[in-house]
Chemist: 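Okay, handing you the structure first.
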Amino acid sequence: MSELNSLTEKILRIRLAQMMVNENYKDGQFKIPIHLAFGHETFAVAINEIMDDEDKLILTHRNIAYNLARLGKLRPIMDEYYLKCTGLDGAKSGSMNLINPDKGIIYTSSILGNNFSVAVGIAMSLKIKQKNGITIVLGGDGSLEEGSFHESILMFKSLNLSGLLIIENNEWSMATKISERRIPIDLEIFAKSYGVKYVQFSGNNPVNYIQELKKLKEFSKKNNELICIELMVNTLGDWVMTNDQNPDGKFINYHAGPAPTVDVKACPALIKENNSDPIFVLIDLLGVNELNKLSDKIRNELEEEMK
Amino acid sequence: MKYIELINNLIKEQVSKHEQLVIFGQNISAGSCIGGMTRDLSIPKSGRIINSTNSENSLCGFGFGMMINEVSSIFFMKQLDFLLLGIDHLVNTYNLIRNHKNNASFTIFPIVMDNGFQGLQSSSNNFADFCSIARVKGYTITNKIDAEKIISSKLISPGFRIIAISQRMFKDEIIVPQELIYVNEENNVFQYNSGDDVTIVCFNFSFPYGQQMVDILKENNLKCSFFNINSPTPTNWTKIVDDVSKTKKIIIIDDSKSENLNYHALLNDIYDKVVLDKKIILKRNFDNTEWLNPVDDQMNINYQQIINDLKS
C-alpha cells in the first residue's frame with residue numbers, strides 16, 4: 001500500500017468515527033459536551049505519524065481527532081463519551097479532558113490557554129529526566145488572547161526548552177469571528193519578537209504536513225528551541241439557521257454539540273467541496289473511486305468494531 | 001533563632017536530599033532570596049534551581065506540568081496575593097492530576113503578607129480561601145514544632161499542597177511551645193496545652209496571640225487546652241470537640257480577613273454535641289475602612305477583659 005493510501009485510511013477513520021459519534025450525538029445519547037473536529041483530521045494524523053514513544057502531546061477541549069489518531073480505535077472513546085467504565089479513561093475525563101498517557105497524551109485542558117504553561121512544565125520534566133522526547137502543545141486562535149500564551153512562550157524560550165506550539169486557527173472563538181472580537185494578531189511577527197521560529201501550515205496535504213513536521217521536530221530538539229506553528233484550518237459542520245428572526249437564514253459556525261448537517265451516509269465522507277475539507281484534498285490526490293473504496297472499507301471496519 | 005531562619009534551615013535540609021528536584025520562583029537565588037526564605041539552597045546536580053520569570057499563573061501550570069510527568073518541584077512565591085493569578089491551575093489543572101495516579105510532589109510555598117504596611121493590594125491574608133476553593137491541602141507554619149513537622153513531612157512528598165508562612169513573624173524569635181500534647185496524622189491539628197477551664201483554638205496565623213493568651217491565663221490561675229489548626233481544609237477536629245465537651249468554654253482566635261472563616265465549621269460541629277457556657281470569638285474588626293490602608297495589621301486583644309469574662 002502506498003504511503004498516501006495508508007494515510008488516507010487513517011484520515012478517513014477519524015472522519016467516519018467522528019461522523020458516527022455525531023449521529024449518536026444528534027440522537028441525544030450523550031450527557032457530556034463534545035467538540036467535534038471535522039476538518040482537523042489530516043493534521044491529527046500527521047502529528048500521530050511524527051510522534052515517538054517519549055513524545056508528549058498536550059491537547060485542548062477539541063481533542064477528538066488527536067485522540068482517535070493516537071488510539072486508532074473508536075470504541076474506547078465512544079465508551080468514554082457514554083461515561084462507561086470501559087471508556088478510554090474509565091469515565092474519569094469525558095470528552096473535554098480526555099487523556100491517553102499510554103499514547104503520550106498526558107494532559108488535556110478545557111480552559112483556554114491553560115495547557116500552554118503545563119506544557120512548559122512537561123518540557124522541563126523531559127529535560128530533567130534526560131528523555132529524548134519533545135512536547136507538542138495545541139491551542140486555538142482564541143487562546144492567543146490569553147496572557148498564559150505570552151507567559152508560556154517566554155518560559156519556553158527563557159528555559160531553552162524544545163517544543164512545538166501549534167495554533168489551530170479556524171478564525172472563530174465560539175460564535176464570534178476574529179474580526180468581530182479583536183484586532184488581528186500577526187503571529188509570525190509576534191513569534192519573531194520572542195526569537196521563536198514561525199511556520200504556517202495549510203492545504204491539508206498529509207504527506208507535506210508530515211515531511212514538514214518531521215523537519216521542525218528535529219530542528220526543535222537539536223537546538224532546544226520552541227517552534228510556533230499556525231495551522232490554518234476550517235472546523236467543518238456549519239449550517240444556516242432560518243427562523244422568524246432570521247428569515248433569510250443566519251450562518252452558524254460549528255463550535256460544539258452535534259453538527260446537524262453532517263451525514264454519516266455521505267460518501268466518501270465529504271463535508272465541504274473545497275480544500276478546507278481533508279477528504280476533498282484526498283479525492284483530488286487519489287480520485288473519487290479510490291476514496292469511495294477506502295471509505296467503504298473503513299466504514300465496515302468501524303461498524304464491526306462498534307457491534 | 002528567628003522564624004525565617006528556622007524555616008530557611010528546614011527547607012535547606014529537605015531540598016538537599018532529593019534527586020531530580022526543580023526549585024523555582026522569582027529571585028529565589030538572587031538578591032535577598034525572598035527575605036532569606038530561600039537563601040543558600042543547594043540541591044543534587046540532577047535538579048534545577050530557577051530564578052523564574054514573573055509569570056505567576058504560568059509558573060503554577062509549570063509546576064503542575066512537571067508533576068504530571070513525575071518530576072517534583074517547589075514554587076517559592078513572594079506573596080500569597082500573587083497566587084490569585086494561578087487559581088485556574090489550583091482548581092482546574094489539579095483536578096485532572098488528582099483524578100489519576102501520580103507519585104510526584106508539587107508544593108507552592110507563599111508568604112502571607114500580614115504585617116499590614118504593604119498596603120491594600122498586598123493584604124490578602126486568609127490562607128483558607130486558597131485551599132477551600134478546590135479542597136487543596138494547605139499548612140500554615142506558626143512555631144518551631146509545626147515548622148519541623150510540616151516541612152519535614154510535607155515539603156517534598158507525593159501530591160500537591162500549599163505551605164504558607166507569615167511575613168509578620170519573619171523577624172520574630174521563633175516561638176517554641178513547651179510541649180506537644182497531640183498532633184493528628186495529617187499534621188493539621190496540633191495541641192500544645194491541656195486544661196479544664198477553657199479551650200483555645202487558633203486559626204490562620206493567630207498562634208502567637210493564642211500563646212500569649214495561654215501565658216496570661218496561667219498567670220491568672222486558669223488552666224486551658226490550646227489547639228492550633230494548621231490546615232484550613234476540612235479536617236477531623238474530634239479532639240477539639242471532645243475537649244470543649246469537658247471545658248464548656250471556648251476562645252477562638254482567627255486573624256483572617258475573609259467573610260467565610262474556617263472556625264464557623266468548627267463551631268457547627270461543636271454545637272451538634274456541646275452546650276457551651278461561654279464562647280469568645282476574637283476576629284477582625286471591619287467597622288471602618290482603615291483595614292484597607294497601610295496600617296499595622298496586629299489584632300488588638302484585651303486579655304484582661306477576657307480573664308474577667310472567664311471568671312465572671
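Every chain is numbered from 1, with letters handed out A, B, ... down the list of sequences. Note that these values count all heavy atoms, side chains included, but never hydrogens, waters or copies made by symmetry. Since we're looking at a predicted model, the values are computed, not measured.
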Chemist: Atom NZ of residue position B:Lys137 - does it have more than 12 heavy atoms of other residues, nucleotides or ligands inside 6.0 Å?
Modeler: no
Chemist: Write out, in numerical order, the residues from residues 80-91 of chain B with a heavy atom short of 4.5 Å from a heavy atom in chain A.
Modeler: B:Asp88, B:His89
Chemist: So which heavy atom on A:Ser152 is nearest to which on B:Ser58, and how close?
Modeler: OG-OG, 3.7 Å
Chemist: Need one label for A:Ile111: side chain, backbone, both or neither, based on atoms under 4.5 Å from any heavy atom in chain B.
Modeler: side chain
Chemist: Pick one of side chain, backbone, both or neither for A:Ile58, based on which atoms fall under 4.5 Å of a heavy atom in chain B.
Modeler: neither
Chemist: Is the count of non-hydrogen atoms from other residues, nucleotides or ligands lying under 6.0 Å from B:Lys154 atom NZ greater than 12?
Modeler: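 Yes - once you tally the heavy atoms of other residues, nucleotides and ligands closer than 6.0 Å, there are more than 12.
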Chemist: If you draw a 6.0 Å radius around CG in A:Asp53, do more than 12 non-hydrogen atoms from other residues or ligands fall strictly inside?
Modeler: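 Counting neighbours around CG of A:Asp53, 12 or fewer heavy atoms of other residues, nucleotides or ligands fall under 6.0 Å, so no.
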Chemist: Measure the OG-CD distance between A:Ser125 and B:Gln20 for me, rounded to the nearest 0.5 Å.
Modeler: 10.0 Å
Chemist: Got a sec: does the CD of B:Glu185 have more than 12 other heavy atoms crowding it under 6.0 Å?
Modeler: no
Chemist: Is there side-chain contact between B:Thr93 and A:Tyr107, with at least one heavy-atom pair below 4.5 Å?
Modeler: yes
Chemist: Would you find more than 12 non-hydrogen atoms of other residues, nucleotides or ligands less than 6.0 Å from B:Lys101 atom NZ?
Modeler: no
Chemist: Side-chain contact test, heavy atoms from C-beta onward, threshold under 4.5 Å: evaluate it for A:His150 versus B:Ser55 and give yes or no.
Modeler: no
Chemist: Among A:Asp89, A:Leu126, A:Leu154, which residue forms the greatest number of heavy-atom pairs with chain B at distances under 4.5 Å?
Modeler: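 Of the options given, most contacts go to A:Asp89.
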Chemist: With rounding to the nearest 0.5 angstrom, report the CZ to CG distance, B:Phe64 to A:Asn115.
Modeler: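 Between atom CZ of B:Phe64 and atom CG of A:Asn115 there are 15.0 Å.
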Chemist: Looking at A:Val120, A:Leu159, A:Asn114, which has the largest count of heavy-atom pairs under 4.5 Å with chain B?
Modeler: A:Asn114
Chemist: For side chain to side chain contact (heavy atoms under 4.5 Å, CB included), just list the numbers for A:Gln130 and B:Ser46, CA-CA rounded to whole Å, side-chain angles, deciding distance to a tenth of an Å, and then say yes or no.
Modeler: CA-CA 10 Å; A:Gln130 299 183 315; B:Ser46 57; over 6 Å; no
Chemist: If we only count heavy atoms from C-beta on, is the A:Glu151 to B:Thr53 side-chain gap below 4.5 Å?
Modeler: no
Chemist: Do A:Met155 and B:Leu59 have side-chain heavy atoms sitting under 4.5 Å apart?
Modeler: yes
Chemist: For the CD1 atom of B:Ile68 and the CD1 atom of A:Ile99, what is their distance to the nearest 0.5 Å?
Modeler: 8.0 Å
Chemist: Atom CG in B:Asn99, atom CG in A:Asn97: separation rounded to 0.5 Å?
Modeler: 9.5 Å
Chemist: Decide if atom NZ of A:Lys73 counts as having more than 12 heavy atoms of other residues, nucleotides or ligands within a radius under 6.0 Å.
Modeler: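 Count not over threshold, so no.
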Chemist: Give a yes or no on whether the backbone of B:Val71 and the side-chain of A:Lys129 come within a donor-acceptor separation of less than 3.5 Å.
Modeler: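 No, because the side chain of A:Lys129 does not come within donor-acceptor range (under 3.5 Å) of the backbone of B:Val71.
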Chemist: With only heavy atoms counted, which part of A:Ser110 is less than 4.5 Å from chain B, the side chain, the backbone, both or neither?
Modeler: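 Neither part, no heavy atoms under 4.5 Å.
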Chemist: Take atom CD1 of B:Ile133 as the centre, draw a 6.0 Å sphere, and report whether it contains more than 12 heavy atoms from other residues, nucleotides or ligands.
Modeler: no
Chemist: Just wondering, more than 12 heavy atoms not from B:Arg135 lying within 6.0 Å of its CZ?
Modeler: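 Open.
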Chemist: Taking the side chain as C-beta and beyond, is there a heavy-atom pair between A:Lys131 and B:Asn69 under 4.5 Å?
Modeler: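 Answer no - side chains too far apart.
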Chemist: Can you tell if the side chain of A:Ile122 reaches within under 4.5 Å of the side chain of B:Met66, non-hydrogen atoms only?
Modeler: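 No, side chains not in contact.
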Chemist: Side chains of A:Lys92 and B:Leu96, heavy atoms from C-beta outward: is any pair under 4.5 Å?
Modeler: no
Chemist: Which atoms of A:Ser148 come close to chain B, meaning under 4.5 Å heavy atom to heavy atom: side chain ones, backbone ones, both, or neither?
Modeler: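 For A:Ser148, heavy atoms of backbone and side chain both lie under 4.5 Å from chain B.
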